[in-house]
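What follows is a short report on a single structure.
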Amino acid sequence: MSKSRYGSNLARWGVCLTVSVLLGLGLPLSSGAQEDLPEGFKQQGLPSPPPAEQIEAGKRVYFTKCVWCHGVEGAGDGPGAVRLWPRPRNFNAGTFKIRHTASGQLPLIDLDLLQTVTHGLPGSAMPSWEGILTEQQRKDVLAFVTTQLVQDRSWQDEEFEELFVLQLDQLTPKQNTPESIKRGSELVVEKKCIECHGLEGRGDGNAFNLKDDWGFSIQPADWHKCWNFRGSRQDPYNVRNIFRTFSTGLNGTPMPSFADNTSVDERWDIANYVNSLCEREHEIPAPQGQVSDQTAQAFSTALPLPIDPLTDKPKSNFVIPSKFVEGDLPTDENDERWKLVPRRWLAMGGQITHKPRNFVNRIDDMWVQALYNETHIEFMFRWDDRTKSIQEDEVDWDPTEVNLGDYGVEEQAPQGTTFAEDPFHQESIAAKQKDGYAVYSDGVAFQFPVKWQELPAPRKPRYFWGDERFSVDLTKWTADGTLGVYEGTGWDQDLTELDFQEEVEVVKAEWANGRWTVIVKRPLKGDYEEVAYLEAGKYIPMVFFAWDGHNGDVGRKMAVSAFYYLVMEPQIPLTTYVYPGLITVGIVIIEGWVLGRRANRRKEKGQA
């Protein structure tokens with residue numbers, strides 16, 4: 001994919017050279033020399049400079065709230081930057097991702113930048129400042145940033161800067177009909193979007209070879225997580241946000257503008273398709289990105305997930321229901337019986353309580369479903385992971401060992417450097433995202449308190465592998481094929497392998513198109529002193545863990561959930577269906593007998 005003509009620095013300086021030559025020759029510039037604007041764009045004048053007192057007020061805000069990440073000179077090299085990926089924005093070059101302006105151009109200060117400061121950038125460390133800074137303070141800090149920290153460009157540079165603004169408010173979104181969604185699925189192939197974003201849109205097409213303008217590793221967006229889109233503006237299912245990104249591109253990244261090679265109508269089709277991929281309550285399969293008429297129809301009517309306004313993520317339901325099924329449990333994800341039970345979205349966060357900590361967490365959520373029969377329970381886990389990671393070399397430690405420092409598995413020490421001293425920040429977390437870590441095996445695990453029935457309310461064992469008083473049983477699978485069940489008695493205590501693992505089975509483990517599907521089956525009952533005894537009709541606390549091997553996740557470096565509660569819905573006895581039927585039949589018989597008696601009595605009286 002080639003970038004828009006407005007995003008090409010070469011083209012920009014070529015225009016400047018042409019202007020200089022013409023002016024030097026004393027020739028006037030004709031309107032015919034100006035290129036036509038892309039469809040949907042309109043030229044707008046440059047803004048006036050802010051007053052000095054506003055700049056000074058913004059400086060106070062910046063050095064109170066912003067300097068810690070963005071740095072003293074605004075180069076994205078503050079003391080917190082070394083642990084962040086994506087890196088904080090380097091303001092010096094005047095390169096900003098989220099804009100209404102054409103590719104390569106400066107953003108609108110009072111719209112684009114103000115919305116960024118107001119709403120934050122989901123999927124990054126940039127928070128929403130609404131409620132913390134007043135609107136005036138947000139405008140003040142932007143006055144300081146745009147005049148004092150942006151060094152290579154200026155909003156008042158009439159010679160070199162232009163603003164071609166996408167008229168998004170004047171464009172009517174195309175209805176997300178099945179036809180539009182299906183056409184969008186064809187366009188993302190035609191425009192080669194899948195080369196980066198993957199066949200099914202999970203960002204696995206070119207996951208580790210892309211870099212931003214500063215040389216840091218950057219990954220294509222996962223279209224199934226619209227709440228992580230940087231420009232979602234706390235409104236993730238709004239198709240306008242996606243249309244804007246395809247129209248303007250993301251400056252400083254490999255994501256180009258499509259304004260030059262698509263029509264407005266085609267961009268709405270693409271936006272409708274991408275928006276339809278963002279997760280809904282029910283799974284809508286589109287294997288290999290193939291969208292049939294039936295699939296397009298399902299996409300067009302599916303309702304978005306409710307979004308929690310406090311987290312800007314899907315709302316969490318902390319109860320994981322499990323339905324009873326007769327016979328053998330499912331052997332793959334396509335079994336129709338999975339539709340009997342809702343899937344639950346699990347929020348996952350990086351483990352940052354104990355070293356080695358996971359400051360860059362790549363597995364930020366997971367889906368889980370559960371079914372059970374007379375003897376076993378089965379969990380299906382599905383989570384997006386841009387690459388299948390399997391450890392190639394043998395390691396020196398056993399699966400039960402958790403203190404891996406003796407084997408060289410250490411937390412990366414902070415390496416605080418300024419941009420002037422080290423433009424590429426080679427020792428930062430962001431610089432190591434491509435190939436700076438040893439690759440271990442992907443994995444997933446879940447734990448139950450061993451004697452959860454005896455926990456005094458509201459006491460729970462420590463979420464991190466239990467404690468000495470209340471141990472846990474931990475079932476863990478890794479992509480190299482290892483499956484174990486362990487007793488955990490604390491975050492720093494080696495695990496104890498349990499014989500119960502002989503009865504646990506991995507029914508399926510498959511990575512395809514940027515997603516893992518792992519189905520694990522285990523008995524409902526075991527040794528009461530060693531493993532959790534699962535009972536129907538009870539709230540059983542459990543915690544989930546995940547490891548991304550390409551992120552260097554191993555041991556305590558991992559993603560972890562909060563406590564959730566498994567509820568195995570009791571089996572409905574056959575008598576529940578039989579007795580009401582028998583009672584109904586009995587009532588009908590009795591009522592018929594009574595009515596017959598009354599009729600006979602009337603008949604006898606009439607004859608008398």
Side-chain angles (χ1 to χ4, degrees), residues 47 49-99 106-110 112-155 212-216 218 230-231 251-253 312 350 352 357 359-360 412-433:
E53 56 269 21
Q54 185 179 19
I55 295 174
E56 187 61 29
K59 179 178 180 180
R60 291 193 293 270
V61 175
Y62 182 86
F63 281 97
T64 301
K65 301 294 185 183
C66 314
V67 68
W68 315 108
C69 292
H70 293 285
V72 173
E73 300 293 332
D77 55 0
V82 70
R83 292 196 182 278
L84 299 179
W85 184 68
R87 290 277 299 194
R89 174 60 55 229
N90 181 337
F91 298 129
N92 297 165
T95 301
F96 297 89
K97 291 182 181 179
I98 314 302
R99 313 165 332 282
L106 292 168
L108 302 178
I109 298 173
D110 288 339
D112 299 324
L113 297 186
L114 183 59
Q115 285 189 351
T116 293
V117 176
T118 299
H119 299 297
L121 296 175
S124 76
M126 175 64 182
S128 165
W129 290 98
E130 187 175 26
I132 301 173
L133 299 176
T134 66
E135 182 176 356
Q136 187 58 52
Q137 286 177 315
R138 283 173 262 151
K139 290 182 177 180
D140 291 345
V141 75
L142 288 175
F144 174 72
V145 169
T146 55
T147 59
Q148 305 302 306
L149 301 183
V150 176
Q151 300 173 5
D152 299 342
R153 305 174 70 174
S154 171
W155 275 263
D212 63 18
D213 281 4
W214 295 271
F216 295 114
I218 190 170
R230 300 293 185 270
N251 287 351
T253 80
D312 295 323
I352 56 172
R357 294 168 289 183
F359 287 102
V360 177
Q412 177 184 336
Q415 301 289 330
T417 55
T418 64
F419 182 76
E421 296 171 349
D422 180 13
F424 301 106
H425 302 280
Q426 295 297 329
E427 296 304 316
S428 69
I429 282 179
K432 291 182 177 293
Q433 291 308 304

Any side-chain heavy-atom pair from Leu84 and Cys69 closer than 4.5 angstrom?
-> yes

Are any of the side-chain heavy atoms of Leu149 and Phe144 separated by less than 4.5 Å?
-> yes

Does the side chain of Phe91 come within less than 4.5 Å of Thr146's, by heavy atoms?
-> no

Heavy atoms, side chains only, cut-off 4.5 Å: are Val117 and Arg138 in contact?
-> yes

Which pair of heavy atoms, one from Pro86 and one from Gly123, lies closest together, and at what distance?
-> CD-O, 3.9 Å

Criterion side-chain contact (heavy atoms from CB on, under 4.5 Å) on Arg99 and Leu108, from CA distance to verdict | CA-CA 7 Å; Arg99 313 165 332 282; Leu108 302 178; over 6 Å; no

Heavy-atom side-chain contact between Pro88 and Met126 under 4.5 Å = no

If only atom types and distance count, is the side chain of Arg230 paired as donor or acceptor with the main-chain N or O of Ile98 below 3.5 Å?
-> no

Mark yes or no for whether Arg87, through its side chain, and Gly76, through its backbone, hold a donor-acceptor pair below 3.5 Å.
-> yes

Identify the two heavy atoms, one from Leu142 and one from Ile109, that lie closest to each other, and give their separation to 0.1 Å.
-> CD1-O, 3.8 Å

Can you tell me how far CZ of Arg153 sits from CG of Leu106, rounded to the nearest 0.5 angstrom?
-> 4.0 Å

Please tell me if the side chains of Val82 and Phe359 come closer than 4.5 Å, counting only heavy atoms from C-beta onward.
-> no

Spacing of OG1 belonging to Thr118 relative to CD1 belonging to Ile132, to within rounding of 0.5 Å | 11.5 Å

What is the distance from atom CG of Asp213 to atom OG1 of Thr253, rounded to the nearest 0.5 Å?
-> 8.0 Å

Closest non-hydrogen atom pair between Trp214 and Asp212, with its separation = N-OD1, 2.9 Å

Would a 4.5 Å heavy-atom cut-off, applied to side chains only, mark Cys66 and Val141 as touching?
-> yes

Least distance between heavy atoms, Asp77 atom then Gly71 atom | OD1-CA, 3.6 Å

Checking Gln115 side chain against Asp112 main chain: does a donor-acceptor pair fall under 3.5 Å?
-> no

Is the side chain of Asn92 donor-acceptor paired with the backbone N or O of Glu73 at a distance under 3.5 Å, no angle test?
-> yes

Is a side-chain donor or acceptor of Trp85 paired with a backbone partner of Ala81 at a separation under 3.5 angstrom?
-> no

For Pro79 and Val67, which heavy atoms make the closest approach, and how far apart are they?
-> CD-O, 4.1 Å

Atom NZ of Lys97 and atom CG of Leu121: how far apart are they, to the nearest 0.5 Å?
-> 8.0 Å

Does the side chain of Glu130 reach to within under 4.5 Å of the side chain of Glu135, using non-hydrogen atoms?
-> no

Quick one: OH on Tyr62 to CD1 on Ile55, what's the gap to the nearest 0.5 Å?
-> 15.0 Å

Give the C-alpha distance, both sets of side-chain angles, the deciding distance and a yes or no for side-chain contact (heavy atoms from CB on, under 4.5 Å) between Thr116 and Phe96.
-> CA-CA 10 Å; Thr116 293; Phe96 297 89; over 6 Å; no

Compare every heavy atom of His70 with every heavy atom of Arg89, then report the nearest pair and how far apart it is.
-> O-ND1, 3.0 Å

